[in-house]
Number of protein chains: 2
Amino acid sequence: MDIGNDTGRAADSVVAMLEAKIVSGELENRAPLPAERELMEQFGASRTVIREAISKLSSRGLIETRPRFRPIVRKPDYATVLHACGNVVQHLLTERSGIKNLYDSRVFIERALVREAALAARKEDIVNLRAALEDNRNAISDSSEFYRTDVAFHGVLYRIPRNPIFPTIHEGYTSWLAPQWDRMLRSPERNEVNYLAHKAILDAIMERDPLAAEEALTNHLKAAWEFVRVTFDWGEE
Amino acid sequence: MDIGNDTGRAADSVVAMLEAKIVSGELENRAPLPAERELMEQFGASRTVIREAISKLSSRGLIETRPRFRPIVRKPDYATVLHACGNVVQHLLTERSGIKNLYDSRVFIERALVREAALAARKEDIVNLRAALEDNRNAISDSSEFYRTDVAFHGVLYRIPRNPIFPTIHEGYTSWLAPQWDRMLRSPERNEVNYLAHKAILDAIMERDPLAAEEALTNHLKAAWEFVRVTFDWGEE
DNA sequence: GTATTGCCTTTGGTATGACCAAACTTAGAT
DNA sequence: ATCTAAGTTTGGTCATACCAAAGGCAATAC
């Protein structure tokens, strides 16, 4: 297939060399890249290929570029992956089926997460969940603040497996799945509903009842979807 | 943050316009892009920015480029997302912890998948699983063929939720998670072990026993990891 | 009539050189 | 020491040129 992997170009060897220098630390993280005219001397290439290489590295998330500013070296991390996906994911969300698929996958993951939580959550996890839930309760009257604490509550769930991939996935969901509607469809009444849903989830987790936790989570997310679907008059799926 | 999103450049407007023409279908899928010299006339830009735009679109997976060949228009799909991630993911897998995290996430997902399968698999899913298992059995003596059927068996699990996101994730796992060792560490003996593991999973699914299915799957994948870990003398994690 | 061969044209990849405007540096003024 | 203004560096863009490989075409061979 080889999308975006233009093998055989001169720029690629430059990319490879710069890539190596970045991962090896020879080019320090957060440090500015040398000037283009210096790089062309260093690699014996024309500015054309140097700039192409820089563009590619930027796409791969290995350097940050702002127009007219020195590119900044950036060691790749999980957030980088997320960002690389983002550009493409957005195209899949123009169709409703794309949104639905993404949302369903979220339900699937979170179901497994709460199940896991009920079975294996540590004391500190429970503490964090209680704190997050408390934040929910205190923010019921402030929809904007409630949104933040809502996301945070789910975030705690994603952190329970202690695998940095999951918080990254969570970030993906929250940034891709229509923060637009999420924000505009909130009200103290709905916040209260969601607070209670979170409470039910936490209760089930604390009772170490995976089935109940899964069910509470499923109800919570399905209800949220229903609300959005009906509000926007999306018809049945 | 804005990685790979070089706002403010002339190329970006060209990217946007081409992007629009691709998603709208004005530029047909699988059709070659117009020649660069034609695009520069069409957009009133220099070849420099045209080429930069093409490079960006290529990185985003909206066009396929091979050196010296006409770029090919490509409507974004789930595979495109996968590919966009691939370039970056690879960097996270240079450390062992990255591999472990990815593998753990796979175990997590597949546990949920087999659980789901035990609870909700349709007749056709069972049929597919049986067929895949049968393929396993017939390929025990041919390690290369067994690898293929092994991947296929797991693939059936990912297709059960009827959400295209999951097969995509599966492809990610199989392409990123060391197909190198997977291939070289196989033998008829290990194939037999894996066949039996698959059989145990399917049996549990057919008995509609989610707990047993989850356990069988976990044993299967944990054992595979252990085997790799010990073989490569990776020490404890 | 089809397949093969060889020539010409098109087109992508790269190199130069130039220019501009914005960022950066530095020396001078307050 | 701080601020300011001039000078320098440097990224973004354009125009042009050249090369080699891909594509197209036509004469040739079978």
Side-chain angles (χ1 to χ4, degrees), chain A residues 1-19 21-22 27-74 87, chain B residues 1-19 21-22 27-74 87:
Chain A
M1 185 150 49
D2 264 336
I3 314 163
N5 176 18
D6 311 328
T7 45
R9 292 166 171 72
D12 287 338
S13 64
V14 176
V15 166
M17 287 189 277
L18 283 175
E19 209 169 355
K21 290 195 177 196
I22 291 175
L27 286 174
E28 268 176 56
N29 194 20
R30 313 293 312 162
L33 216 59
E36 294 178 358
R37 289 164 173 89
E38 190 173 322
L39 288 173
M40 52 186 288
E41 175 177 340
Q42 187 174 332
F43 292 110
S46 71
R47 224 176 129 205
T48 312
V49 322
I50 296 295
R51 283 182 62 76
E52 189 180 333
I54 289 177
S55 170
K56 272 189 199 307
L57 285 171
S58 167
S59 297
R60 295 198 191 176
L62 288 173
I63 57 184
E64 263 176 68
T65 64
R66 280 182 314 165
R68 298 222 147 270
F69 282 80
R70 253 334 170 37
I72 301 214
V73 173
R74 203 195 138 110
N87 291 329
Chain B
M1 185 149 53
D2 265 338
I3 312 165
N5 177 18
D6 311 327
T7 45
R9 292 166 172 73
D12 286 339
S13 65
V14 176
V15 167
M17 287 189 276
L18 283 174
E19 208 170 355
K21 291 197 175 194
I22 291 176
L27 286 173
E28 270 177 55
N29 194 19
R30 312 291 313 162
L33 215 60
E36 294 178 358
R37 287 165 175 88
E38 190 173 321
L39 288 173
M40 53 186 286
E41 174 178 340
Q42 187 173 334
F43 291 110
S46 71
R47 227 178 124 201
T48 310
V49 320
I50 296 295
R51 283 181 61 77
E52 191 179 333
I54 289 178
S55 171
K56 274 189 200 306
L57 286 171
S58 167
S59 297
R60 294 199 192 175
L62 288 173
I63 57 184
E64 264 175 68
T65 64
R66 281 181 313 163
R68 300 224 147 268
F69 282 79
R70 261 318 193 21
I72 305 239
V73 173
R74 202 193 140 111
N87 291 328

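Just so we're clear, the structure is a prediction, and the values are computed from it rather than from any experiment. Protein chains get the first letters and strands the later ones, always in sequence-line order, with residue 1 at the start of each. What's counted below: heavy atoms across the whole structure, side chains too, no hydrogens, waters or symmetry copies.
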**Q** Between the protein and nucleotides 18-24 of chain C, list the N/O to N/O atom pairs that are separated by less than 3.5 angstrom.
**A**
from, atom 1, to, atom 2, distance (Å)
C/dA18, N6, A/Arg47, NH1, 3.4

**Q** Just how far, in rounded Å, is C1' of D/dG11 from CD1 of A/Ile72?
**A**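 After rounding, the gap between these two atoms is 14 Å.
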**Q** Is there a side-chain contact between A/Arg9 and the phosphate of C/dT14, meaning an N or O under 4.0 Å from OP1 or OP2?
**A**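 So the side chain of A/Arg9 is outside the cut-off, no N or O lying under 4.0 Å from OP1 or OP2 of C/dT14.
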**Q** What's the closest nucleotide to the B/Ala35 side chain, out of D/dT10, C/dG12, D/dG12?
**A**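 The closest nucleotide is C/dG12.
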**Q** Separation of A/Glu41 atom CD from C/dT16 atom C1', in whole Å?
**A**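 These atoms are roughly 16 Å apart.
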**Q** Can you name the residues that form a side-chain contact (heavy atoms from CB on, under 4.5 Å) with A/Val73, not counting sequence neighbours?
**A**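 Testing A/Val73 for side-chain contact (heavy atoms from CB on, under 4.5 Å), a comparison that skips the adjacent residues, returns A/Ile22, A/Leu27, A/Leu33.
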**Q** Run the side-chain contact (heavy atoms from CB on, under 4.5 Å) test on A/Leu62 and A/Leu18 for me, step by step, so that the C-alpha distance in whole Å, both residues' side-chain angles and the decisive distance to 0.1 Å come before the verdict.
**A** CA-CA 9 Å; A/Leu62 288 173; A/Leu18 283 175; over 6 Å; no
**Q** Just to confirm, is there a sub-4.0 Å distance from OP1 or OP2 of C/dG13 to any side-chain nitrogen or oxygen of B/Arg51?
**A**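 Answer is yes, contact under 4.0 Å.
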**Q** Taking side-chain contact (heavy atoms from CB on, under 4.5 Å) as the test, write out the residues that go with B/Arg47, two or more places apart.
**A**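 Once residues adjacent in sequence are excluded, the partners of B/Arg47 under the side-chain contact (heavy atoms from CB on, under 4.5 Å) criterion are B/Glu36, B/Arg37, B/Met40, B/Arg51.
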**Q** Using 0.5 Å steps for rounding, measure from the CD atom of A/Glu19 to the CG atom of A/Asp12.
**A**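 Interatomic distance, A/Glu19 CD to A/Asp12 CG, rounded to 0.5 Å: 9.5 Å.
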**Q** May I ask you to verify whether the side chain of A/Thr48 and the base of C/dA15 hold a donor-acceptor pair under 3.5 Å?
**A**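 Pair found.
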**Q** Send over the distance from A/Ile54 CD1 to D/dT10 P, rounded to a whole Å.
**A**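 Result: 13 Å.
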**Q** Residues two or more places apart in sequence or in another chain: which of them pass side-chain contact (heavy atoms from CB on, under 4.5 Å) with B/Glu41?
**A**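 side-chain contact (heavy atoms from CB on, under 4.5 Å) list for B/Glu41, sorted by chain: empty.
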**Q** Rounded to whole angstroms, how far apart are CG on A/Leu33 and P on D/dG12?
**A**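 Between P of D/dG12 and CG of A/Leu33: 12 Å.
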**Q** Given atom CG of A/Leu39 and atom P of D/dG12, what is their separation to the nearest angstrom?
**A**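 After rounding, the reported distance stands at 13 Å.
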**Q** Looking at residues at least two apart in the chain, or sitting in another chain, which of them share a side-chain contact (heavy atoms from CB on, under 4.5 Å) with A/Glu38?
**A**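 Residues passing side-chain contact (heavy atoms from CB on, under 4.5 Å) with A/Glu38: A/Pro34, A/Ala35.
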**Q** Starting from C1' on C/dT11, measure out to CD1 on B/Ile50 and report it in whole angstrom.
**A**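 Result: 14 Å.
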**Q** Starting from C1' on D/dT10, measure out to CD on A/Gln42 and report it in whole angstrom.
**A**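 Roughly 16 Å, once rounded to whole Å.
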**Q** Give, for atom CD of B/Glu52 and atom CD1 of A/Ile54, the distance between the pair rounded to the nearest 0.5 Å.
**A**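 If I round to the nearest 0.5 Å, the distance is 10.5 Å.
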**Q** Send over the distance from B/Phe43 CZ to D/dT13 C1', rounded to a whole Å.
**A**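 Taking CZ of B/Phe43 and C1' of D/dT13, I get 17 Å after rounding.
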